[in-house]
Amino acid sequence: MAQATKTPAKGYAAHSATSPLEAWEFERRAPRPDDVSIDILYCGVCHSDLHFARDDWGMASYPVVPGHEIVGRVTSVGDQVSQYQVGDLVGVGCMVDSCRQCKACNDGLENYCAEGFVMTYGSPDKHDGTLTQGGYSDKVVVSERFVVRMPDGIDLKSAAPILCAGITTYSPLKHYGVKPGDKVGIIGMGGLGHMGVKLAKALGAEVTLFTRSESKKAEAKQQGADHVVISTSEDEMGAITETFDFMLDTVPVQHDINPYLNALKPDGTHILVGLLEPLDPAVSGANLVFRRRVLAGSLIGGMPETQEVLDFCAENGITCDVEMISIDQINEAWERMQKGDVKYRFVIDMASIKES
Ligand SMILES: [Zn+2]
Ligand SMILES: [Zn+2]
């Protein structure tokens, strides 16, 4: 039975764009009939958490408890919940609600909801207007539709980042029909890029990682990349003209995509998943027009596909490479993440918040 009252919760929150994350006590909403209450076990640390809290995208609200790679255990369910029971291991990703009525929502593409989806943190709740708060916390209350099941036997710690980094890279690979034998380039070797390498390999592609640094060559091979190209080398980039079917571009800062377009075969597709800013330098229309190439974008994935990628990872033995931290190490972890000093995702062990 659903509890009728709000629940006290502990989290780590940012109170302004410049303040560090600090312990904060708040309340989770009184569960609604379709809600699942979850004790959080682990939460991945995504670059978006930092961008949002630092107001880099001009959409921040405070206080904010970041975190949208949540794994936990169900502690109670509302009367209308049919998929989950107390004790189930579940996940919550980047979304906690949507309009549930538009074409995108009906197609299971809540990530493209016409009204915009409700983000796991920093969005007004559709019912009571309170700000949603994320997974750097001990518990969360989420509508069943936005909960996924952790597959049996999956390592929960290293599976947490699949809920953002995994689905973000899996969804476009599936949507554009990457198949065995396709040549796929993955640009960037961070949290997204290393998952992109593993997922594209598991789909049967021949995978090339593009990186600026020579030092990442060995790492990329370890992750399963068949080839590595140093993107700053004119020789190496010149040798791959018109050889790729797809480019999955995970770089979150402005960069010149023209050399990558020229590395695509005719009809090849370049997919942006990390960049939200204007393309600079500009894209030459000729690089698209003369070879009928496609420039595309993709944002996380819908709820059915989020379940699918978890199941796919469990079946194929794919996990994220993670470094575990306690909640009181979060500010240091954010500093290191900004320098790219993590292989490849921090995950918070939420047992540490109960002790703090
Ligand atoms: Zn994320
Ligand atoms: Zn919708």
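These numbers come from the heavy atoms of this one structure, side chains and all, not from hydrogens, waters or symmetry mates. In each ligand, atom 1 is the first atom listed, and ligand 1 is the first ligand listed.
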Name each donor-acceptor pair under 3.5 Å that joins a side chain in residues 182-191 to protein atoms two or more places apart or in another chain, with its distance.
{"from": "Asp182", "atom 1": "OD1", "to": "Lys179", "atom 2": "NZ", "distance (Å)": "3.2"}
{"from": "Asp182", "atom 1": "OD2", "to": "Lys179", "atom 2": "N", "distance (Å)": "2.9"}

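- Protein atoms of type N/O/S that fall under 2.8 Å from the Zn ion (ligand 2) number 4 in this view.
- For the Zn ion (ligand 1), the tally of protein N/O/S atoms lying closer than 2.8 Å stands at 3.
- Rounding to the nearest 0.5 angstrom, the gap separating the CG atom in Asn111 from the CD1 atom in Ile300 is 5.0 Å.
- The side-chain contact (heavy atoms from CB on, under 4.5 Å) test applied to Ser98 returns Arg100, Cys105, Glu110, Cys113, Phe117, Phe146, not counting sequence neighbours.
- Contact check on Arg149 versus Asp88 returns a salt bridge, with a Lys/Arg side-chain nitrogen under 4.0 Å from an Asp/Glu carboxylate oxygen.
- Note on Glu323 versus Arg336: salt bridge recorded, some NZ/NE/NH1/NH2 to OD/OE distance being below 4.0 Å.
- A salt bridge does not link Glu69 to Lys157: none of the charged nitrogens lies less than 4.0 Å from a carboxylate oxygen.
- Side chains of Tyr170 and Glu308: a donor-acceptor N/O pair is present below 3.5 angstrom, by distance only.
- Checking Ser233 against Asp235 by side-chain atom types alone, no donor-acceptor pair falls below 3.5 Å.
- Ring centroid separation for the pair His15 and Tyr62 does not come in under the 6.0 Å cut-off.
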